[in-house]
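See structure below.
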Number of protein chains: 2
Amino acid sequence: MSEARNTKQKKLVLSLLKNSDRPLTAGEIYRLAIRHFPKIAKSTVYRNLDALVSRGEVSQGLHQNGESFYSIAGEHSHSHYMICRECRQMIDFPQCPLSSMERGIADASGFHITGHSLQIYGYCKDCNNKKKN
Amino acid sequence: MSEARNTKQKKLVLSLLKNSDRPLTAGEIYRLAIRHFPKIAKSTVYRNLDALVSRGEVSQGLHQNGESFYSIAGEHSHSHYMICRECRQMIDFPQCPLSSMERGIADASGFHITGHSLQIYGYCKDCNNKKKN
DNA sequence: TTATTATTGCAACTCATTTTCATTAAGCGC
DNA sequence: GCGCTTAATGAAAATGAGTTGCAATAATAA
């Protein structure tokens, strides 16, 4: 049968995400991971992230440029982000306008929804002020 | 001053999008464009798409894998898509749950919203049926 | 401890998108 | 139409996120 092995690399990836106060890209996770296991491979980070995502422990979003970011899938909260185009700061935005609409949207077309991706882009307060000066 | 030149390549990219009944990726546009101008460069397609997007004439979305797709920015309609993970079919989904919420979401944090990205992923009716067999 | 095999490290690869730079061609004034 | 300026192009190389093949390693069950 399938044997999900609990390797130290997998634990590390998960703990890095747990200890982060914001979502991280695979690259960021890799750079952090190296500090703990200098020999860890990029592919290992990617494979573990994929596994964690399909296992539902981690959720995945997309930056404007197509790069993925990851965060612990809140046991209940399902949140999205406002992302600053300037400093890339990500502001949590807990209400999900989709949750209440998915059923209705899908039913019409027989579409089976498995998830969605939602990000709001713009400029945070600080960067917005800087632009005015 | 800035001279936005109206090249035949730019017109072509725009007309391909106008004549398409669905959003197209840069790669698809490039492959179509070659039929008209065999020497057109991929970079030219990308540059024109970028220009059209920042000019607001074309809007841009993201596939799950980070690849961008483009469509004419409806003069009034602002629509999103349900994208099939299997056949990549894109089903229009005209209501935008964000339009009514952006103000409220942004005000709290002083965030200045410039746009958003929203895609719903899942399986279309056909692909869903195939999986069951 | 040992056998099994999931997972790893590493290097090579894919593929969308970007960049560099010499060449071409819009759009301007004449 | 003619020439000039320079934005835009084509071609090729580069970038960078993510993937893949494979031999070596290490997490589990026996």
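Reminder, nothing fancy here: chain letters follow the sequence lines and each chain counts from 1.
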Seminar exercise, completed: Whole-Å distance, B:His63 NE2 to D:dG18 P, equals 16 Å
For this session: Using atom NZ of A:Lys8 as one end and atom C1' of D:dA26 as the other, report the distance to the nearest whole Å.
Result: 9 Å
For this session: Would you indicate what A:Thr25 reaches in the nucleic acid, counting non-hydrogen atoms under 4.0 angstrom: base, sugar-phosphate, or nothing?
Result: nothing
Problem set entry | Same cluster (ILVMFWY, side-chain, under 4.5 Å), B:Tyr70 and A:Tyr121 | no
Exercise. When all nucleic acid strands are considered with a 4.0 Å heavy-atom cut-off, which category describes A:Asn65: base, sugar-phosphate, or nothing?
Worked result: nothing
Problem set entry | B:Tyr30 OH to D:dT9 C1', straight-line distance once rounded to whole Å | 13 Å
For this session: For A:Ala73 and A:Gly56, work out which heavy atoms get closest and say how close.
Result: CB-O, 3.4 Å
For this session: Whole angstrom is fine here: how far is it from CD in A:Gln60 over to C1' in D:dA17?
Result: 12 Å
For this session: Decide yes or no, distance alone: a donor-acceptor N/O pair under 3.5 angstrom between the base of D:dG10 and the side-chain of B:Arg47.
Result: yes
Seminar exercise, completed: Taken to the nearest whole Å, CG/A:Asp50 to C1'/C:dA6 is 16 Å
For this session: Between C:dT17, D:dG10, C:dA6, spot the one nearest the side chain of B:Glu67, thanks.
Result: C:dT17
For this session: Kindly say if A:Tyr46 contacts the phosphate of D:dG18, meaning a side-chain N or O under 4.0 Å from OP1 or OP2.
Result: yes
Exercise. Tell me the ring-ring contact (aromatic ring centres under 6.0 Å, His included) pairs involving residues 36-66 of chain A, sequence neighbours left out?
Worked result: A:His63-A:Phe69
Exercise. When you measure from the side chain of B:Arg5, which nucleotide among C:dT5, D:dG10, D:dT5 comes out closest?
Worked result: D:dT5
Exercise. With a non-hydrogen cut-off below 4.0 angstrom, is B:Lys10 in contact with a base, only sugar-phosphate, or nothing?
Worked result: sugar-phosphate
Problem set entry | From C:dG9, C:dT7, C:dT18, nucleotide with atom closest to A:Thr7 side chain | C:dT7
For this session: Treat each ILVMFWY residue as a node, draw an edge where side-chain heavy atoms are under 4.5 Å apart, and state whether A:Ile40 and A:Leu16 are in one component.
Result: yes
Exercise. Any link between A:Leu17 and A:Leu62 through a network of hydrophobic side chains (Ile, Leu, Val, Met, Phe, Trp, Tyr) touching at under 4.5 Å?
Worked result: no
Problem set entry | Contact check, side chains of B:Leu12 and B:Thr7, non-hydrogen atoms, under 4.5 Å | no
Problem set entry | Presence of A:Gln9 side-chain N/O under 4.0 Å of C:dG9 phosphate oxygens OP1/OP2 | yes
For this session: Return the nearest nucleotide to the side chain of A:Ala26; candidates are C:dA6, C:dT8, D:dG18.
Result: D:dG18
Exercise. Hey, does the side chain of B:Ser43 come within less than 4.0 Å of D:dA11's phosphate (OP1/OP2), counting only N and O?
Worked result: no
Exercise. With a 4.5 Å limit on heavy-atom distance, are the side chains of B:Pro97 and B:Leu118 in contact?
Worked result: yes
Exercise. Can you tell me which stems DNA chain D forms when a stem means 3 or more consecutive Watson-Crick or G-U pairs under 3.5 Å?
Worked result: C:1-30 with D:1-30
For this session: Rounded to the nearest angstrom, tell me the gap between atom CZ in A:Phe69 and atom P in D:dG18.
Result: 12 Å
For this session: Determine: side-chain N/O of B:Lys39 to OP1/OP2 of D:dA11, distance under 4.0 Å, yes or no.
Result: yes
Exercise. Is A:Asn48 touching bases, backbone alone, or none of the nucleic acid, heavy atoms closer than 4.0 Å?
Worked result: sugar-phosphate
Exercise. Which nucleotide sits closest to the side chain of A:Ala41: D:dA11, D:dA26, C:dC10?
Worked result: C:dC10
Problem set entry | Length of the NE2-P vector between B:His36 and D:dG10, whole Å | 15 Å
For this session: Sorted by first residue and then second, give each salt bridge (charged side-chain N to carboxylate O under 4.0 Å, His left out) pair with at least one member in residues 44-56 of chain B; sequence neighbours left out.
Result: B:Arg55-B:Glu57
Seminar exercise, completed: Per atom distances to the A:Thr44 side chain, the nearest of C:dC10, C:dT8, D:dG10 is C:dT8
Problem set entry | Whole angstrom value for the distance that separates P of C:dA25 from NZ of B:Lys11 | 14 Å
